[in-house]
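See below for the structure under consideration.
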Amino acid sequence: MVNNSAKEVRVRFAPSPTGDLHVGNIRTALFDWAYARHTGGKLIFRIEDTDRERVTDEYIARAIETLRWLGLQWDEGPEVGGQYGPYLQSQRLDIYTQWAQTFLKNGDAYNCYCSTEELEARREKQRELNQAPGYDGKCRSLSAAEIAEFEAQGRKPVIRMRMPDGETRFNDLIRGEVVFEHKYVPDFVLMRADGSPLYTLAVAVDDVLMKITHVLRGEDLLSSTPRQIRVYQAMNVKPEDYPLFAHLPFVMGQDNAKLSKRNGEVSIAWYREQGFLPEAICNYLALLGWSPGDDRENISMQELVELFTVERVNSSPARFDMKKLEAINGDKIRALTIEDFLSRALPFLLKDGVITGTENEIEVVKSALPIIQERIARMNEVTAMLKFLFVDQVEFEAESAQKISEEPSQHVIAKALEVLAGLNEWKHDQIEAKLRAALLDELGLKPRVAFGPVRIAVTGSHISPPLFESMELLGKDRSIARLKAAVR
RNA sequence: GGCCCCGUCGUCUAGUGGCCUAGGACUCUGGCUUCUCAAGCCAGCUACGAGGGUUCGAAUCCCUUCGGGGCUGCCA
């Protein structure tokens, strides 16, 4: 194969944002990024918006925002510019037109006057005859008279690439040598009658013009590779200057189908709202189709850059597993410093209306974070965990309300109230000592039986952060008030 | 249908002819710890799709077969 090692590596991430970037897109972006960084090359971010009916400015803006949030910095592309721009294909239309005209002039492409309906009818026939459906070459060599006839009918031609006889073979970095015989690669459309380009034209022209050396993309594009190579040939690019291809395995949903709404959320925006940390998403996604080679699974972005090679990318598809993402997210949360944890928790607390953002509230949150850090797997759980600290009175869930109204519970709470009222130093260890002495030693209760009712009275739920620390955080007055309120 | 890609525990993976009676992680189950929930620790369950070769020896190489997926567009 060709030696590209002398050249600077230039990798591109080129999504077509027809919606929010999804898990598969991001896995590709992550690998593109990691490969560029690992090799000391450049990451080029290009927007493939040749289909403006489906790609909107809103989606483009969201894609940019998502990549930034994940920390996948690009060296050239929207907002940062670069010498090979513009990086939005919708702004490069004249370039594609020029090349299409060149192909026409050189005989590599030809005008095709077949209408969509005619094409569809002929394809249907091919299927009936059990032939491979595809363009039949009807307009390949039209006479001047035939062209005049079509023009007279008012037909507007599309520009179609001529696929020569033979085959295309290339060395996929992940799959090895792949061969496509051209009889299975029909002539394809480069440009619509209205002059707008198709993906196959734009992608190949831009990869060449932007001097892309490596194309790491989804495996669904594998079979379109011969068409791109055909465009390189028509552009007169030397084979040694073709980019190297690496087709990444799919990321699938639970049931062996492509990841979709039905079997797990796909939109990265959703994961962000749920409180998944960007570094956790990247760590997990890195493990889908790639592995460092040893038993390491907790991988930082820095380590990913150091360790990532295409050679270590798998060729088989991977299933997305929310449980494992959550486990990794929990690990990452536990590894956060309190300051970092705080800055990431605040947006959720604010958004959910738990706090308004006063200094005092933030102080309380900060002091409460240590006791909930190992108890959450998603950042949005901080709301449920800390809400009891910021409400005037807790609301009991049905089961807890029932439990606390029962006689044994009432007895416990009365006792707690009695011993706690006189406690001057309201510290968790003091509170614990008092309650243990009164409820365990004196009343002879089991810890679970003793502390359960108190927990419900104070936090509103039978599941909560550690009780004594919670009471300290709440303060004496409010803790006592809640115990009183729990008495019938 | 045709072409192309893929096939190790439920899932992600390690594994490139002997180190594999197949390792790790997530999940699940049981236990320990314990003020609830977590976290942590310990233990356990479960895999080389099948069939033929090649070889002293195969998860690793070859063939066949079965299964899954992609493409087959004036989508990308």
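Numbered from 1 within each chain, the chains take letters A, B, ... in sequence-line order. Small disclaimer: the values here were computed from a predicted structure and weren't measured.
- Distance from the side chain of A:Asp321 is smallest to B:G10 among B:G10, B:C35, B:A25.
- Backbone-only contact: A:Arg175 has heavy atoms under 4.0 Å from sugar-phosphate atoms and none from a base.
- Going from the C1' atom of B:C3 to that of B:G10 covers 33 Å, rounded to whole Å.
- Remark: the separation of the C1' atoms in B:C19 and B:C12 is 25 Å, to the nearest Å.
- Remark: A:Arg155 is not positioned above the aromatic ring of A:Tyr113, lacking an NZ or CZ atom under 6.0 angstrom from the ring centre and at most 45 degrees off the axis.
- A:Glu117 comes within contact range of no nucleotide atom at all, as no heavy-atom separation falls under 4.0 Å.
- Considering only side-chain atoms of A:Arg448, the nucleotide from B:C74, B:A25, B:U36 that sits closest is B:U36.
- Of the candidate nucleotides B:G70, B:A76, B:A38, B:G70 has the atom lying nearest to any side-chain atom of A:Phe250.
- B:U13 and B:G53 have their C1' atoms separated by 29 Å, given to the nearest Å.
- As judged by a 4.0 angstrom heavy-atom cut-off over every strand, A:Arg217 is placed among residues making no nucleic acid contact.
- At a threshold of 4.0 angstrom between heavy atoms, the contacts of A:Val55 with the nucleic acid are absent.
- Nucleotides B:C9 and B:U29 are separated by 15 Å at their C1' atoms, to the nearest Å.
- A salt bridge links A:Asp294 to A:Arg296: one of the charged nitrogens lies within less than 4.0 Å of a carboxylate oxygen.
- Heavy atoms of A:Arg334 sit under 4.0 angstrom from primed sugar atoms or phosphate atoms, though from no base atom.
- Among B:C6, B:U13, B:C75, the nucleotide with an atom closest to any side-chain atom of A:Pro317 is B:C6.
- Nucleic acid contact class of A:Pro466 (heavy atoms, under 4.0 Å, all strands): base.
- Between A:Arg312 and B:G15, a side-chain N or O to OP1/OP2 separation shorter than 4.0 Å is present.
- Picking from B:C3, B:A25, B:C26 the nucleotide with the shortest atom distance to the side chain of A:Phe180 gives B:C3.
- For A:Leu222, taking side-chain heavy atoms from C-beta onward, the closest of the listed nucleotides B:G23, B:C4, B:U36 is B:C4.
- Of all nucleotides listed (B:G73, B:C37, B:U13), B:G73 comes nearest to the side chain of A:Arg123.
- A 6.0 Å sphere centred on NZ of A:Lys403 holds no more than 12 heavy atoms belonging to other residues, nucleotides or ligands.
- Screening A:Ile64, A:Ile44, A:Val11 against A:Trp74 for a side chain to side chain contact (heavy atoms under 4.5 Å, CB included) leaves a single residue, A:Ile64.
- A gap of 24 Å separates the P atoms of B:C28 and B:A14, to the nearest Å.
- Heavy atoms of A:Leu287 sit under 4.0 angstrom from primed sugar atoms or phosphate atoms, though from no base atom.
- Relative to the side chain of A:Ala327, the nucleotides B:C26, B:C35, B:A76 differ in distance, and B:C26 lies closest.
- Looking at heavy-atom distances under 4.0 Å, A:Val158 makes contact with a base.
- Out of B:C71, B:C75, B:C37, the shortest distance to the side chain of A:Ser223 is found at B:C71.
- Between the side chain of A:Arg455 and the base of B:C35, a donor-acceptor pair under 3.5 Å is found.
- In terms of heavy atoms, A:Val354 sits closest to A:Lys387 at CG1-CA, 4.2 Å.
- Taking the P atoms as reference points, B:U8 lies 15 Å from B:G68, given to the whole Å.
- No engagement by A:Asp294 is indicated, since no non-hydrogen atom pair under 4.0 Å with the nucleic acid exists.
- Closest to the side chain of A:Arg436, out of B:U27, B:C35, B:C12, is B:C35.
- Between B:G2 and B:G18, the distance separating the two P atoms is 38 Å to the nearest Å.
- Distance noted for atom P between B:U64 and B:C5: 13 Å (whole Å).
- Cation-pi check for A:Arg27 over A:Phe31 is met; the charged atom lies under 6.0 angstrom from the ring centroid and within 45 degrees of its normal.
- Residues A:Gln126 and A:Asp136 have side chains that never bring a donor and an acceptor to within less than 3.5 angstrom of each other.
- No contact: A:Gly218 has no heavy atom under 4.0 Å from any strand.
- In this structure, A:Thr50 reaches the sugar-phosphate backbone alone: every heavy-atom distance under 4.0 Å involves primed, P, OP1 or OP2 atoms, never a base.
- Nucleic acid contact class of A:Ser464 (heavy atoms, under 4.0 Å, all strands): base.
- A residue-by-residue look at A:Thr116 and A:Pro249 shows that A:Pro249 has its nearest nucleotide of RNA chain B further toward the 5' end.
- Taking a cutoff of 4.0 Å between a charged side-chain nitrogen and a carboxylate oxygen, A:Glu326 and A:Lys323 do not qualify as a salt bridge.
- Judged by distance alone, with hydrogens and angles left aside, A:Glu374 brings no side-chain donor or acceptor close enough to the base of B:G40 to form a pair under 3.5 Å.
- Nucleic acid contact class of A:Glu48 (heavy atoms, under 4.0 Å, all strands): sugar-phosphate only.
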